[in-house]
Amino acid sequence: MQQELVKIITQAAKQAGFSVRGGVNVDYPQETYGDYATNFALQAAKTVKLSPKTIANNLRSHILNLRPDLFDKVEVAEPGFLNFFIAKKYLQDQVKEIVKQKEKYGEIKTNKQKINIEYCSANPTGPLHLGHGRGAFWGDTLANVFDKAGHKTTREYFINDYGKQILLFGESINARWQELLGQKPEIKEEFYKGEYVKDIARELMKKEEHAKLSEAERIKVFADIGLKKMLAETKALLEKAGVKYDVWFSERTLYKKDLVKKAIELLKKKGFTYEKEGALWFSSSKLGDDKDRVLKKANGEETYFASDIAYHLNKISRKYDLLIDGWGADHWGYKMRLMAAAKVLGFEEKLKIVVGQFVRLVENGQEVKMSKRGGVFFTLEELFNEVGPDVARFFFLMKSVDTHIDFNLDLAKEQSQKNPVYYIQYAHARISSILLKAGKSKSGARLNLLRHPSELKLIKELLKFPDVIEDTSKDYQVQRLPQYAVELATSFHKFYQDCQVIPASPAGRSKDKNLSQARLVLTLAAKIVLKNTLELMGVSAPEKM
RNA sequence: GCCCCCGUGGCUCAAUUGGACAGAGCGCCUGGCUUCGAACCAGGAGAUUCUAGGUUCGAGUCCUAGCGGGGGCACCA
């Protein structure tokens with residue numbers, strides 16, 4: 001609806017001779033002002049030498065000329081807003097349209113893009129924690145929105161299965177394994193120390209052949225086994241939470257195909273590298289980064305940064321129009337250097353990096369430091385065990401990735417029963433129950449009987465859904481979805497309270513029957529949109545609860 | 001020290017990207033089931049949007065300075 005209004009206003013502005021710079025803005029004002037509003041006249045007044053009200057009045061007559069059918073009225077308000085009241089007839093007709101489109105409702109016509117979105121991508125050396133959950137839910141939901149917006153989306157997970165930390169992981173397991181054999185190995189400061197490391201070691205005790213290997217070989221074998229196990233657990237957990245992936249991309253393949261070397265060569269050719277103290281450096285400071293970065297260490301190994309450049313070049317070679325990276329808070333400082341590389345290699349415009357903020361775990365008013373190596377942390381799996389995936393997903397999705405979250409576990413447990421997700425699911429279950437009771441509805445309902453304020457409010461809410469998709473696919477602010485879901489549920493609950501859907505007495509008059517039929521169609525439309533919204537968020541839509 | 005992010009009722013978060021009276025949930029107070037699901041609805045109390053300046057028709061949002069919290073400043077990933 002917003003988009004349609006934008007088009008109409010744009011056209012009217014052209015007819016009236018106003019230039020449309022920076023686009024037309026349509027928003028939802030307070031109810032008393034109207035259903036939609038535009039500040040176009042206020043904006044235009046900056047360049048045109050006319051008062052905002054004059055512009056608004058002029059625009060208004062052109063709009064009414066273009067679409068007399070669409071509005072009950074269009075008002076000019078101080079200091080120059082233009083407020084739109086949508087015609088009842090139009091609203092009533094839209095209900096039929098929603099029911100017709102069913103699960104396809106909300107799909108919008110956009111310039112179809114091929115999008116790659118990478119999210120979560122936790123190191124495979126430990127279990128997922130809350131921050132990973134936040135990233136995973138955000139990415140998965142955003143990918144759902146992209147699909148709905150008509151884009152071709154690839155969901156990707158980058159597996160850091162190469163480099164020093166893998167060996168460190170193997171050493172950590174090996175040390176625990178030796179402990180179990182009664183030896184007293186050195187537990188180094190930098191080792192991974194969580195219980196899960198001991199669990200892996202314990203499992204390895206079952207096979208005796210490991211004792212025959214040399215220590216170096218054993219560490220490699222253990223690292224591989226540990227890695228596979230952690231990865232399998234990660235996959236299982238994400239699947240349980242409904243987080244989907246199309247591609248699991250292994251860092252090792254970049255080395256196998258020599259892509260890291262090639263990436264470095266490319267940077268050399270562009271003239272943005274130099275050698276210093278035996279290492280190869282990238283002049284990222286010339287491109288906005290704080291300092292230059294090492295691509296190849298003095299010992300001949302490539303850095304993670306180098307392989308990450310190779311990874312992004314690989315994505316570009318797969319012909320995406322847009323690459324989105326969803327990163328954890330600890331990657332803030334890393335953003336500039338990758339953008340610097342993107343500038344040199346010509347994909348700056350295509351790369352969007354979104355860095356989420358920290359999730360702090362708070363217990364008894366004290367922060368609990370989460371660290372894989374320290375071994376103290378609360379895992380995503382534990383959260384699922386406490387509150388279930390639906391509540392967990394909703395809880396994180398509600399919040400903008402820009403805000404720090406103080407996660408209080410006791411409060412989360414206590415409040416999970418009061419979580420707004422149940423409010424929405426309850427609306428869906430209520431609807432399901434009504435539709436079940438009403439039985440099969442007949443076609444040809446007289447939707448022009450829908451006139452009650454609560455009915456019209458509900459319809460208007462339903463019409464916002466495509467706007468939610470449109471906006472979110474552009475600005476990635478997924479918290480809009482849970483917010484919308486709550487508003488929609490509220491509108492339905494209110495409608496339910498005010499408007500009896502199924503007549504109280506079975507022998508009602510035909511007038512009541514017609515109204516009931518119309519309300520049933522509206523109820524069905526509400527169910528469709530509510531379910532659509534829940535599906536985008538990856539939250540279940542129960543028929544009963 | 002330098003760079004980045006955040007600061008909104010008691011608590012957890014929104015605010016359509018510069019719009020109209022700052023909105024929800026939780027908690028607190030009051031009312032509503034002999035009719036379709038009360039996990040609901042209606043009403044109430046509770047805000048100097050960290051502080052001080054500035055920009056303009058208009059600021060929670062932009063600029064400057066300060067205060068508070070977090071993160072980053074590796075030849076780790």
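Throughout, a chain's letter reflects where its sequence line sits, starting with A, and its residues are numbered from 1.
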Identify whether any heavy atom of His404(A) sits under 4.0 Å from a base atom; if not, whether one sits that close to sugar-phosphate; answer base, sugar-phosphate or nothing. base
5'-most contact on RNA chain B (nearest-nucleotide basis), Val486(A) vs Gly278(A), goes to Val486(A)
Original post:
How would you label the contact of Leu280(A) with the nucleic acid (heavy atoms, under 4.0 Å): base, sugar-phosphate, or nothing?
Top reply: nothing
Checklist entry - Which is true for Asp406(A) with a 4.0 Å heavy-atom rule: it touches a base, it touches only sugar-phosphate, or it touches nothing? => result sugar-phosphate
Asp402(A) CG to U12(B) C1', in whole Å, measures 17 Å
From CG of Asp290(A) across to P of G1(B) the rounded distance in Å is 16 Å
Side-chain-base donor-acceptor pair under 3.5 Å for Asn83(A) and A20(B):
yes
Euclidean distance for P, A22(B) against G9(B) (whole angstrom): 14 Å
Next on the checklist: With rounding to the closest Å, how many angstrom separate the C1' atoms on A47(B) and A24(B)?
Outcome noted: 15 Å
Please confirm whether any donor atom in the side chain of Asp330(A) sits under 3.5 Å from an acceptor in the base of G71(B), or the reverse. no
With a 4.0 Å cut-off on heavy atoms, is Ala429(A) in touch with a base, just the backbone sugar-phosphate, or nothing at all?
base
* Scan Ala45(A) against the nucleic acid and name what it touches under 4.0 Å (heavy atoms): base, sugar-phosphate only, or nothing. => nothing
Separation of C13(B) atom P from Gln357(A) atom CD, nearest Å, is 12 Å
Base, sugar-phosphate, or nothing: which does Gln483(A) touch, judged by heavy atoms less than 4.0 Å apart? sugar-phosphate
Exercise. Check whether any side-chain N or O of Arg430(A) sits under 4.0 Å from OP1 or OP2 of A38(B), and answer yes or no.
Key: yes
Mind checking Glu301(A) for me? I need base, sugar-phosphate or nothing, with any heavy atom below 4.0 Å counting as a touch.
-> nothing
Check your understanding: Would Glu455(A) and Arg519(A) pass as an ion pair if we require N to O under 4.0 Å?
Key -> yes
Could you give the side-chain donor-acceptor pairs of residues 288-295 of chain A under 3.5 Å, partners two or more places apart or in another chain?
{"unit_1": "Asp289(A)", "atom_1": "OD1", "unit_2": "Arg293(A)", "atom_2": "NH2", "d": "3.2"}
{"unit_1": "Asp289(A)", "atom_1": "OD2", "unit_2": "Ser284(A)", "atom_2": "OG", "d": "3.3"}
{"unit_1": "Asp289(A)", "atom_1": "OD2", "unit_2": "Arg293(A)", "atom_2": "NE", "d": "2.8"}
{"unit_1": "Asp289(A)", "atom_1": "OD2", "unit_2": "Arg293(A)", "atom_2": "NH2", "d": "3.4"}
{"unit_1": "Asp292(A)", "atom_1": "OD1", "unit_2": "Ser284(A)", "atom_2": "N", "d": "3.3"}
{"unit_1": "Asp292(A)", "atom_1": "OD1", "unit_2": "Ser285(A)", "atom_2": "N", "d": "3.0"}
{"unit_1": "Asp292(A)", "atom_1": "OD1", "unit_2": "Ser285(A)", "atom_2": "OG", "d": "2.6"}
{"unit_1": "Asp292(A)", "atom_1": "OD2", "unit_2": "Tyr274(A)", "atom_2": "OH", "d": "2.6"}

Q.
Once you apply a heavy-atom cut-off of 4.0 Å, does Lys276(A) come out as touching a base, just sugar-phosphate, or nothing?
A. base
Note: for His331(A) and Tyr423(A) on RNA chain B, the residue whose nearest nucleotide lies more 5' is Tyr423(A)
**Q.** Sugar-phosphate only, base, or nothing, as touched by Lys296(A) at under 4.0 Å among non-hydrogen atoms
**A.** nothing
query: Under 4.0 Å between a Lys/Arg side-chain N and an Asp/Glu carboxylate O for Lys53(A) and Glu78(A)?
result: yes
Rounded to whole Å, the CG-C1' distance (Asp289(A) to G72(B)) equals 11 Å
A52(B) and U12(B), which share atom name C1', separated by this distance in whole Å:
29 Å
| Ion pair check, Glu156(A) and Lys315(A), cut-off under 4.0 Å | no
Taken to the nearest whole Å, NZ/Lys418(A) to P/C28(B) is 8 Å
What's Met336(A) touching, base or sugar-phosphate or nothing? Going by heavy atoms closer than 4.0 Å.
nothing
(Q) Closer than 4.0 angstrom, basic N to acidic O: yes or no for Glu4(A) and Lys7(A)? (A) no
| said: Side-chain N or O of Asn419(A) versus OP1/OP2 of C26(B): is the shortest distance under 4.0 Å? | reply: no
Gln497(A) CD to U35(B) P, in whole Å, measures 12 Å
Partner of Tyr36(A) under ring-ring contact (aromatic ring centres under 6.0 Å, His included), picked from Tyr28(A), Phe84(A), Phe81(A), is Tyr28(A)
Exercise. How is Ser307(A) classified with respect to the nucleic acid when contacts are heavy atoms under 4.0 Å: base, sugar-phosphate, or nothing?
Worked result: nothing
Taken to the nearest whole Å, CD/Gln30(A) to C1'/U16(B) is 14 Å
Practice prompt. Mark yes or no for a side-chain to base donor-acceptor pair under 3.5 Å between Gln165(A) and C76(B), with no hydrogen or angle criteria applied.
Written response: no
- Assess whether side chain to side chain contact (heavy atoms under 4.5 Å, CB included) is satisfied between Asp471(A) and Gln477(A), documenting all intermediate values. CA-CA 8 Å; Asp471(A) 292 343; Gln477(A) 303 291 312; over 6 Å; no
**Item:** Face-to-face contact Phe81(A) to A20(B) six-ring, under 5.5 Å, under 30°
**Value:** yes
When rounded to whole Å, the OH to P distance for the pair Tyr334(A) and C73(B) reads 12 Å
Nearest-Å distance once atom C1' is located in both C4(B) and A20(B): 34 Å
ask   = Taking only side-chain nitrogens and oxygens of Tyr192(A), does any of them come within less than 4.0 Å of OP1 or OP2 of A77(B)?
value = no
With the six-membered base ring of C40(B) as reference, does the ring of Tyr426(A) sit under 5.5 Å away with planes under 30° apart? no
*For the side chain of Gln479(A) and the base of C13(B), is some donor closer than 3.5 Å to an acceptor across the two?*
no
Handout entry: Sugar-phosphate only, base, or nothing, as touched by Glu31(A) at under 4.0 Å among non-hydrogen atoms
Key = nothing
Mate of G25(B) across any strand shown (Watson-Crick or G-U wobble, both atom pairs under 3.5 Å) is C11(B)
If you look at every strand shown and take non-hydrogen atoms under 4.0 Å, does Thr32(A) touch a base, only sugar-phosphate, or nothing? base
Would you mind classifying the nucleic acid contact of Lys335(A) as base, sugar-phosphate or nothing, using non-hydrogen atoms under 4.0 angstrom? nothing
- Gln165(A) side chain reached by Asn160(A) side chain, heavy atoms, under 4.5 Å: yes
State whether Tyr496(A) places a side-chain N or O below 4.0 Å from either non-bridging phosphate oxygen (OP1 or OP2) of A38(B).
yes
Note to self: Looking at Lys297(A), I'd like to know whether one of its side-chain N or O atoms comes within less than 4.0 Å of OP1 or OP2 on C76(B).
What the structure shows: yes
*Phosphate OP1/OP2 of A14(B) contacted by Thr403(A) side-chain N/O (<4.0 Å)*: yes
